[in-house]
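Values below: every heavy atom of this structure, side chains too, minus hydrogens, waters and symmetry copies. A, B, ... follow the sequence lines: proteins, then strands. Residue 1 opens every chain.
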There are 4 protein chains.
Amino acid sequence: MGRTHSNAYLRLHNFFPVEHRPVLRAVCNANRQKAEQWVDIWGYERAESDWRKLLDAKDIDLIDICVPNVAHKEIAVAAAKAGKMILCEKPLAMNAAEGEEMVRAVEAAKVANMISFNYRRVPSIALAKQLVDEGRIGRPFHYRATYLQDWTISADVPQGGDALWRLDIKSAGSGVTGDLLAHSIDTAMWINGPIARVVAKTETFIKERKHVESGKMEPVGIDDACMFLAVFANGSMGTFESSRYARGRKNFNTFELNGADGSVYFDLEEPEYLQYFEYKQLQSGKKVESHTAGWRKIHVTNSEHPYMSRYWVPGTCIGYEHTFLNQLADFIGGIESGVPAQPDFRCGLRTQYVCDAVLESARTGAWVDVPAGMA
Amino acid sequence: MGRTHSNAYLRLHNFFPVEHRPVLRAVCNANRQKAEQWVDIWGYERAESDWRKLLDAKDIDLIDICVPNVAHKEIAVAAAKAGKMILCEKPLAMNAAEGEEMVRAVEAAKVANMISFNYRRVPSIALAKQLVDEGRIGRPFHYRATYLQDWTISADVPQGGDALWRLDIKSAGSGVTGDLLAHSIDTAMWINGPIARVVAKTETFIKERKHVESGKMEPVGIDDACMFLAVFANGSMGTFESSRYARGRKNFNTFELNGADGSVYFDLEEPEYLQYFEYKQLQSGKKVESHTAGWRKIHVTNSEHPYMSRYWVPGTCIGYEHTFLNQLADFIGGIESGVPAQPDFRCGLRTQYVCDAVLESARTGAWVDVPAGMA
Amino acid sequence: MGRTHSNAYLRLHNFFPVEHRPVLRAVCNANRQKAEQWVDIWGYERAESDWRKLLDAKDIDLIDICVPNVAHKEIAVAAAKAGKMILCEKPLAMNAAEGEEMVRAVEAAKVANMISFNYRRVPSIALAKQLVDEGRIGRPFHYRATYLQDWTISADVPQGGDALWRLDIKSAGSGVTGDLLAHSIDTAMWINGPIARVVAKTETFIKERKHVESGKMEPVGIDDACMFLAVFANGSMGTFESSRYARGRKNFNTFELNGADGSVYFDLEEPEYLQYFEYKQLQSGKKVESHTAGWRKIHVTNSEHPYMSRYWVPGTCIGYEHTFLNQLADFIGGIESGVPAQPDFRCGLRTQYVCDAVLESARTGAWVDVPAGMA
Amino acid sequence: MGRTHSNAYLRLHNFFPVEHRPVLRAVCNANRQKAEQWVDIWGYERAESDWRKLLDAKDIDLIDICVPNVAHKEIAVAAAKAGKMILCEKPLAMNAAEGEEMVRAVEAAKVANMISFNYRRVPSIALAKQLVDEGRIGRPFHYRATYLQDWTISADVPQGGDALWRLDIKSAGSGVTGDLLAHSIDTAMWINGPIARVVAKTETFIKERKHVESGKMEPVGIDDACMFLAVFANGSMGTFESSRYARGRKNFNTFELNGADGSVYFDLEEPEYLQYFEYKQLQSGKKVESHTAGWRKIHVTNSEHPYMSRYWVPGTCIGYEHTFLNQLADFIGGIESGVPAQPDFRCGLRTQYVCDAVLESARTGAWVDVPAGMA
């Protein structure tokens, strides 16, 4: 994640006409040697091994938090108190209680803040949101999302350490729920509004893995897979599923929304496409479907598509890292314009509430109501 | 349905080397005029308007039940008592209690019996089953199924009558659960074994529709949509969803099974394909994925594929109706060989148990255990 | 082919409301035993081993010619003289000279005649034609077609005999040009008008194969592969290619037409789809492309699609054999209405002219003009 | 193009462990104001308006030529004489005679040189080449390529100027042949070896366009579309087609290679995929195709795929610009290692010979032999 964020700061002004150009003052890693490699490769001005030094630094205005979830809250709260702007990796926190503390901190300090649900800035996903906002989908009936990967099927994959902290419950707080479903939930609520209730089931297929730090077999505390049913506040129904045990699915982050007037489908493994089914109005006052109706694959690479006018000629694709560029442009644009870009911490907290409700339902087996938001 | 079944009886010997060739003795419809049209078009020898006459007929060995669900039990039980072989449309019955009575009847009478889950006989689905049986999928982790249509979105669609009895709770017993999900459940259990527990949510989006017979607006009693989570007996996780409100989906009967060694995906809208991801064993004792791994679209039209040697040259597709031909060939082949083809009524009852559990969970909100089977 | 034709005659009235129902009087095969098998399986009233007897039979009105190309002309000319209606498999003849003789014969005898370019009756292809006729494609620029298979790659495949006469130059007249490209050419000219000029290249990759009848290795006389460039009379450009050496392609009969206002694409391996790109007119007098433009996959299975109202519910597919049913319905409907269905022999002759020009160009290397038609 | 090249120089060391890090000394544009914008946005140290100054500059080692084709030769020859390394946009030159002069210049000066056929560095295309080199395709039979776009259909598009010089024969030398087919030809010969002979047809659909500089309607000199047949030196057959009039195709650069043992297919509109059909060897000494054969979509995003270990986690896509990064890494790696990366100018000249032969054949209508290469 540090690479994608660094790349975004470095390249922003190559593609977006922002007033303020980021300067990479310092990179921090508890391992100073690693931090210094980043100075070399990414051009940071200095390396630090204690993040508190960044908060004391006068030449630093913005803190970018790319650390295991367990450390989000402490750093973010401290950064807010130090008056720094904050861009924080998702999920917001280990749980909603921590998230609420973070929201209070940034709102008390009145610092600009954003949580990095970067997939909102995939042009195809942004286009899906646009189609909804244009009224092309109509009354929503169904939303379904999957986020499937397959990289932890082998029992030989260890947990913990720098590379595999996502498998370690103490660092990550949860498994696929906080890591992958958090993306799916944020996208779902952005496009289809709040989730009101959920019922969930989680599973840990491999019960023990060697811990990188202890070198011993230790119980696996995270959820390997999670599936849940949802009812949205608007009355539509949702299914969500995530796993790292779906053989053949690499980054299969998909969603589909079915409404009375149209449907959209997206798959992150072919991010250049948004699939769209339009239920055509051919006669005034009467919707009729013609012999030409069909799911269309919109190649979201034209200049009229979200973000795409900043890049190359029509028909050429952008990559994963550009979602971070787009996000940063929006974040900085929001600061410049005074209209904060979303999702800010308060928005990110709503996803945290859903994640907590999902995990609670998985424990109890009962439907769980999701809080509407923090007062 | 009557057309697909009639067509299967008529054409069976054109494609399959069965010993016994069906003879279309009589067609029965309460509306005699309609029955007589069938005599004309499909070549039945005579028309009847009272199904009991068929049971008395000496020249009739097999009763094919293609009527609304509400009438399955009475006809089937009577046919069994009359010593007739029975092929019955799905779902087996209005509920498991009726289904149990039907099973008892056919087993007491020792008559050949089958329930028409015809999609087992889509060559691509049969190939999926074959791949599982060959051990190519390995330990199963996930199964997900959808059965989506969009033909009832308009509030102007009425309920009841000959054409729309599926929307009428009194004739159908349930909505998408018995009509569409029954297919998905039968396929799932055939391929991935018994379902142990479910939690479900149903929805009726349009609350009132005009009834064809009464001419009045009446409450809609069926489930327009149903989604549920499942735990299979083998420990794998399942998601199921069905709706007739999924704009753009016509007959989107899909399933995906992810196992440690491979995955399969099927979509009934392009029935000629089975998608398969193979996790390759390249070295003895060690499974490794190579640079050539990918989801492959198997064009299930070669002579080595299930049923396809009976039809045309490789590369040419068969259609919907051939699933009924294949089913009938298996049913008759089972009678001839003495090894009954599946799914028989007892097998169909297991799907009924799941449907009942799903509907119960939708009412209570709690997880519901599925009975293992009738004693 | 005999099976698809027999099936069509048998089933026609099950699906189409024709006035005249075909009766299968006689099947003819030089091998009487085979003919008798057809009596058994397909229900012909009698078997013959000499086709001339069919011409003499008073109870036979229509002759269906499903024999190697080399015998088309003799049978068709004789049948016409005997006053029989004729449905003849494609290609029309061994060459245009033979084809002209056949056209003269049927026109002199004034007998109904049709050549079985059955793919015109794939609903998706018929829909493509409809879109062109509706003006949705606009000025045409490009047409490209492929017809690729892979079943003759092995040098072990023999030539000749009943099964493999298509590989024997003496029976077939040409290889892929007459067998596969004839389909592509007929479709192309139906949809995009006459072909004016061609330049071609053929290849025979395996130079010798064992002959089934002689048992000896003999030179291969047919073209294994053929590719050609075309200029249509309307000024658009065309590319055509056919091969039986395209590994992985089974029945890859595809075409694409690009016009100023839209494009269509079809692939026979997924016949239920027609792909269509619409260049949308959003403002009066000005065509502009919106952010929702994309190739759509039309699932050609709704009742408003060509032929589909005769079959099953929306979303269910028909198969290869139904193209023959549709064709027969059109042929008989044309006879009943007095407006002959196309393609008749005269129309089929135009494809023969193109095939001859292609083969001539392959020999000489020069562009060859295609005759506009027989006087 | 200047943006993609600048971006590549700037970012190279972020992703590739090269010894030498490019420094952006100077950007040159005849319009100084534009050049200065590049200083601002892309961080060049200085702006120039006369390219000759770059050749005199001691601090400049490498000249990157991103100008209309008409200027390639003069700049490249001068740069070679000045001892500069050269990276030149494609096509190499206006014609082969110019190209030969350029080859002689760089070889005489012994300067590192490369022509920017960047698509060789699309990971999926590089993987196709790897599969060929691994012997997975076997004896080649067919190669087919298209490069289709649709942005010049409107007669309102003008020609000439900075943005539209590609439509101006004086600046571009040819139309789609040099612009788009040059890519297709380079890829084809890289993967399938030299092209021996061609026969071609070009077309100019819009005969006159307003010239940006003169403001007047002027004849269109370029080819709007070009199609040709080819025979490769290895005996396989090829079809090639390019157009800017293929409605709905944006950057449809596709190719397919069919061999005895396998096939590959690629489409630049979904660059993350390579489609591969493997003809499986299941038994020693005998190739047999199993029931699991099918075209697989390889998601070319794993670390074992070409170039992908330099970027993000498996399953995440890179974009168009990374092909330039990959290319630059290879070019600089070749300079560092002493083994020049391809395609150098001499290699690019071979594509120029094919383009010249294609255009000659389009004029004469006859097959034209392609020179094997410059002595």
Side-chain angles (χ1 to χ4, degrees), chain A residues 137-142 144 146 148 150 153-155 197 199-203 205 224-231 235-241 243-250 252 256-265 269 275-279 287 289 293-296 361 365-367, chain B residues 137-142 144 146 148 150 153-155 197 199-203 205 224-231 235-241 243-250 252 256-265 269 275-279 287 289 293-296 361 365-367:
Chain A
I137 307 304
R139 177 184 172 188
F141 297 119
H142 296 287
R144 64 191 68 86
T146 69
L148 306 179
D150 70 356
I153 294 178
S154 168
R197 307 169 61 219
V199 66
K201 173 87 179 74
T202 57
E203 185 57 86
F205 290 114
D224 282 341
C226 177
M227 55 184 182
F228 71 92
L229 306 180
V231 177
S236 60
M237 305 168 76
T239 65
F240 292 78
E241 184 185 10
S243 176
R244 297 182 187 129
Y245 283 70
R247 181 61 77 199
R249 302 303 184 187
K250 301 303 173 187
F252 195 67
E256 177 168 333
L257 170 64
N258 304 130
D261 300 332
S263 290
V264 286
Y265 173 81
E269 291 190 4
Q275 296 194 41
Y276 170 46
F277 185 92
E278 182 185 17
Y279 188 63
K287 291 233 168 189
E289 192 168 13
W295 281 87
R296 69 186 72 170
S361 173
W367 282 86
Chain B
I137 306 304
R139 178 184 170 187
F141 296 119
H142 296 286
R144 67 192 64 88
T146 70
L148 306 179
D150 71 355
I153 293 178
S154 168
R197 310 170 58 220
V199 67
K201 173 87 182 73
T202 57
E203 185 57 87
F205 290 114
D224 282 342
C226 176
M227 56 185 182
F228 70 92
L229 307 180
V231 177
S236 61
M237 306 168 75
T239 66
F240 292 76
E241 185 184 9
S243 177
R244 296 182 187 129
Y245 283 71
R247 180 63 76 199
R249 301 303 184 185
K250 302 303 173 186
F252 195 67
E256 177 168 334
L257 170 63
N258 305 130
D261 300 331
S263 291
V264 286
Y265 173 82
E269 290 190 5
Q275 296 195 40
Y276 170 46
F277 186 93
E278 181 184 20
Y279 188 64
K287 291 232 168 188
E289 193 168 12
W295 281 87
R296 68 185 74 170
S361 173
W367 282 86

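Contact of A155(B) with chain A is not made at all, since no heavy-atom distance falls under 4.5 Å. For T202(A), the part sitting under 4.5 Å from any heavy atom of chain B is the backbone (N, CA, C, O) and nothing else. Only the side chain of I153(A) comes within contact range of chain B, judged by heavy atoms closer than 4.5 Å. With a threshold of 4.5 angstrom between heavy atoms, R144(A) approaches chain B through side-chain atoms but not through N, CA, C or O. Contacts of E203(A) with chain B are made by both backbone and side-chain atoms, with heavy-atom separations under 4.5 Å. For L148(A), the part lying near chain B is the side chain, with the backbone staying farther off; criterion is any non-hydrogen pair under 4.5 Å.
No other option in G235(B), G262(B), A366(B) has as many heavy-atom pairs under 4.5 Å with chain A as G262(B).
A 4.5 Å side-chain heavy-atom check between V199(B) and V199(A) finds at least one atom pair inside the cut-off. In this structure, V231(A) and K201(B) have side chains that are in contact, with non-hydrogen atoms separated by less than 4.5 Å. A 4.5 Å side-chain heavy-atom check between F205(A) and M237(B) finds at least one atom pair inside the cut-off. Between R249(A) and W295(B), the closest side-chain pair of non-hydrogen atoms falls below 4.5 Å.
Here the shortest heavy-atom pairing between G238(A) and M227(B) reads O-SD, 3.3 Å. Minimum interatomic distance between Y245(A) and F141(B) (heavy atoms only, all atoms of both residues): O-CD1, 3.5 Å. The two residues F228(B) and L229(A) make their nearest non-hydrogen contact at CA-CD1, 4.0 Å. Contact between S263(A) and R247(B) at its shortest, heavy atoms only, is OG-O, 2.6 Å.
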